[in-house]
Amino acid sequence: MICLGIESTAHTFGVGIVRWNGTILANLKESVTSIKGGMIPAEVAKHHREVANKILHKALEAAKVSLNNINLISYSAGPGLPPCLRVGRDEAVRLSKQENIPLIGINHCVAHLTIGDLLCKTQHPLYVYVSGVNTQIIALAGKRLRVFGETLDIGLGNALDKFGRAANLGFPAGAELEKKSEGGTYIELPYAVKGMDVSFSGIVTKAQRLLKEGTPLSDVCFSMQETCFAMLTEIAERALSHTEKKTLLLVGGVAANKRLCNMLQIMCKERGATFAAVPLEFSGDQGAMIAWQGILENKSGRVDNPELADIRPYERTDDVDVTW
Ligand code: ATP
Ligand code: FE2
């Protein structure tokens, strides 16, 4: 049995092809990037529409399968930008109807978590989910993935991207900011932890001001990373202690950052917990995670009616019933 997953929530259009046992056969994607920074939803959706067919066929080719071999089509129903979500949904519905393949619409954030479990072989860890929009500390409690702590304003990735825009690092800026931080020295930035939550916008404002005043870019990048990651490490440690979890799993696009991995790893080691991070290829948005989440939910009996296939732009991680 094979599932084809379609991702289109934001900057990336991706198609992943995954076997029921979790073997990833293909994971193709194309992302919108820009030198100036920022994304206009209608333009991103246009990009996705233009590349959809090409990516689909490249993925089928890479997986050495044809549409006849696909047993389930999964798509990101949300959360995300509505014009972008519609591209993935429409493509999924079209394929489902044309080839008579069952369809399922899943939650993108939950897929970031479960692809981590698949690849790191973790079971019910404490998740640290850091991406563009989201920054959440999550653990399974009952039938829900409960959010124990989160950002009160913007996601960590968006904070780095926002600063990156002012510093001409291009979009997305996280990886470039990581490079620029090398050799920097620390300058104090507003450390904003409120109970189990964090906020990043004060840090971005101060970092932008420092840059304007002539502070070396490497110092500002280094200080942003140190401050934001230390805040995250603090709330992650508190959540490990509350939940008595013994494993921490880092997922989402910002999981690509080596310094963040390093800080969380040190904290886990000191507490006798295990640290795992989703492999780089699967940290940012891609279709394999959408396919795998589709498989998990389909195995537990879910299937959607293509006539009623919706998009859910605001669906939260903790809105989803964990049936798998
Ligand atoms: P969400 O999953 O919340 O909907 P998203 O889909 O936009 O958000 P992802 O693709 O998971 O997010 O992650 C993208 C983010 O990861 C961007 O903000 C980017 O700057 C950040 N990122 C990528 N590589 C790195 C890195 N090496 N260091 C820090 N941040 C990084
Ligand atoms: Fe994402």
Side-chain angles (χ1 to χ4, degrees), residues 5-14 16 27 29-34 37-39 41 44 48 75-82 84-85 88 106-116 127-138 145 147 150-151 153-167 169-182 200 203-204 221-222 224-229 232 250-264 277-290 293 311-317:
I6 301 176
E7 161 59 26
S8 76
T9 55
H11 42 72
T12 300
F13 185 90
N27 196 25
K29 63 177 179 182
E30 221 171 274
S31 303
V32 173
T33 55
S34 82
M39 273 195 306
V44 181
H48 292 352
Y75 70 97
S76 271
L81 304 167
C84 301
L85 290 171
I106 59 93
N107 180 289
H108 170 98
C109 301
V110 172
H112 270 297
L113 310 183
T114 55
I115 194 73
Y127 300 99
V128 176
Y129 168 36
V130 272
S131 59
V133 183
N134 285 288
T135 297
Q136 295 180 327
I137 311 284
I138 300 165
L145 288 154
V147 177
E150 65 184 319
T151 177
D153 44 41
I154 52 176
L156 178 52
N158 281 2
L160 301 175
D161 294 339
K162 202 168 166 194
F163 171 75
R165 190 171 183 170
L169 299 180
F171 173 85
E176 198 51 34
L177 191 142
E178 181 175 14
K179 276 191 216 145
K180 293 276 187 288
S181 71
E182 277 166 33
F200 297 114
I203 296 175
V204 176
C221 292
F222 177 76
M224 263 198 98
Q225 288 207 157
E226 293 301 298
T227 310
C228 297
F229 299 169
L232 206 58
L250 178 64
V251 296
V254 188
N257 190 289
K258 297 216 172 48
R259 179 59 179 147
L260 176 60
C261 290
N262 174 251
M263 271 198 203
L264 290 170
V278 69
L280 195 63
E281 187 196 339
F282 303 93
S283 60
D285 294 353
Q286 24 73 35
M289 69 181 191
I290 308 307
Q293 183 57 28
I311 59 163
R312 304 187 285 275
Y314 304 105
E315 186 176 76
R316 280 175 57 93
T317 314

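Just so it is clear, the structure is predicted and the values come from calculations on it, not from any experiment. Positions are given from 1, in the same order as the sequence printed here. First listed ligand is number 1; within each ligand, the first listed atom is number 1.
- One option in C261, P172, S283 has a heavy atom closer to atom 19 (C) of ligand 1 than any other, and that option is P172.
- The main-chain N or O of C84 is found under 3.5 Å from a side-chain atom of S8 such that the two form a donor-acceptor pair.
- In terms of protein heavy-atom proximity, atom 9 (P) of ligand 1 is closest to D285 OD1, 3.4 Å.
- With ligand atoms numbered from 1 in the order given, ligand 1 contributes 1 (P), 3 (O) to contacts under 4.0 Å with heavy atoms of N134.
- Rounding to the nearest 0.5 Å places SG of C221 at 14.5 Å from CZ of R259.
- Under the 3.5 Å distance criterion, the side-chain polar atoms of D161 are matched with a main-chain donor or acceptor of A173.
- Remark: minimum distance from atom 28 (N) of ligand 1 to any protein heavy atom is reached at N257 ND2, 3.0 Å.
- P82 has its side chain out of reach of P41: every pair of non-hydrogen atoms, C-beta onward, lies at least 4.5 Å apart.
- Interatomic distance, CD of E315 versus OG of S76, reported as 10.5 Å (0.5 Å rounding).
- Q293 places no side-chain N or O within 3.5 Å of a backbone atom of N107 that could act as its donor or acceptor partner.
- Those atoms of ligand 1 with a heavy atom of G157 less than 4.0 angstrom away are 18 (O).
- Counting only protein N, O or S atoms closer than 2.8 Å to the Fe ion (ligand 2) gives 3.
- Considering only non-hydrogen atoms, atom 22 (N) of ligand 1 lies nearest to G253 out of G132, G253, G252, A173.
- By the 4.5 Å heavy-atom criterion applied to side chains, R316 and E150 are counted as neighbours.
- Of the protein's heavy atoms, E178 OE1, 2.8 Å lies nearest to atom 27 (N) of ligand 1.
- Interatomic distance, K180 NZ to L169 CG, rounded to the nearest 0.5 Å: 6.0 Å.
- Of the N or O atoms in L160, none lie within a sub-3.5 Å distance of an N or O in ligand 1.
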Q. Hey, mind stepping through D285 and K29 against side chain to side chain contact (heavy atoms under 4.5 Å, CB included) and telling me if it holds?
A. CA-CA 9 Å; D285 294 353; K29 63 177 179 182; over 6 Å; no
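- In terms of protein heavy atoms, atom 3 (O) of ligand 1 is closest to S131 OG, 2.4 Å.
- The closest approach between a heavy atom of Y129 and any atom of ligand 1 is below 4.0 Å.
- The closest heavy-atom contact to atom 18 (O) of ligand 1, among the options D161, T317, L260, comes from D161.
- Looking at heavy atoms from C-beta onward, M263 lies in side-chain contact with E226 at the 4.5 angstrom threshold.
- For ligand 1 and G284, the ligand atoms under 4.0 Å from any heavy atom of the residue are 10 (O), 11 (O).
- Interface of H112 with ligand 1, defined as ligand atoms under 4.0 Å from a residue heavy atom, comprises 2 (O), 11 (O).
- A donor-acceptor distance shorter than 3.5 angstrom exists from the side chain of T135 to the backbone of L156, with no hydrogens or angles considered.
- One N or O on the side chain of Q286 and one on the backbone of M289 form a donor-acceptor pair closer than 3.5 Å.
- Within the model, atoms NZ of K179 and NZ of K258 stand 10.0 Å from one another, a figure rounded to the nearest 0.5 Å.
- The closest approach between a heavy atom of K258 and any atom of ligand 1 is not below 4.0 Å.
- When V254, T9, L280 are ranked by how near their heavy atoms come to atom 21 (C) of ligand 1, first place goes to V254.
- At the top of the distance list for atom 30 (N) of ligand 1, counting protein heavy atoms only, stands G174 CA, 3.4 Å.
- Separating the OG1 atom in T9 from the NE2 atom in H48 is a distance of 7.5 Å, to the nearest 0.5 Å.
- Against a heavy-atom cut-off of under 4.0 Å, H11 is close to the following atoms of ligand 1: 5 (P), 6 (O), 7 (O), 10 (O), 12 (O).
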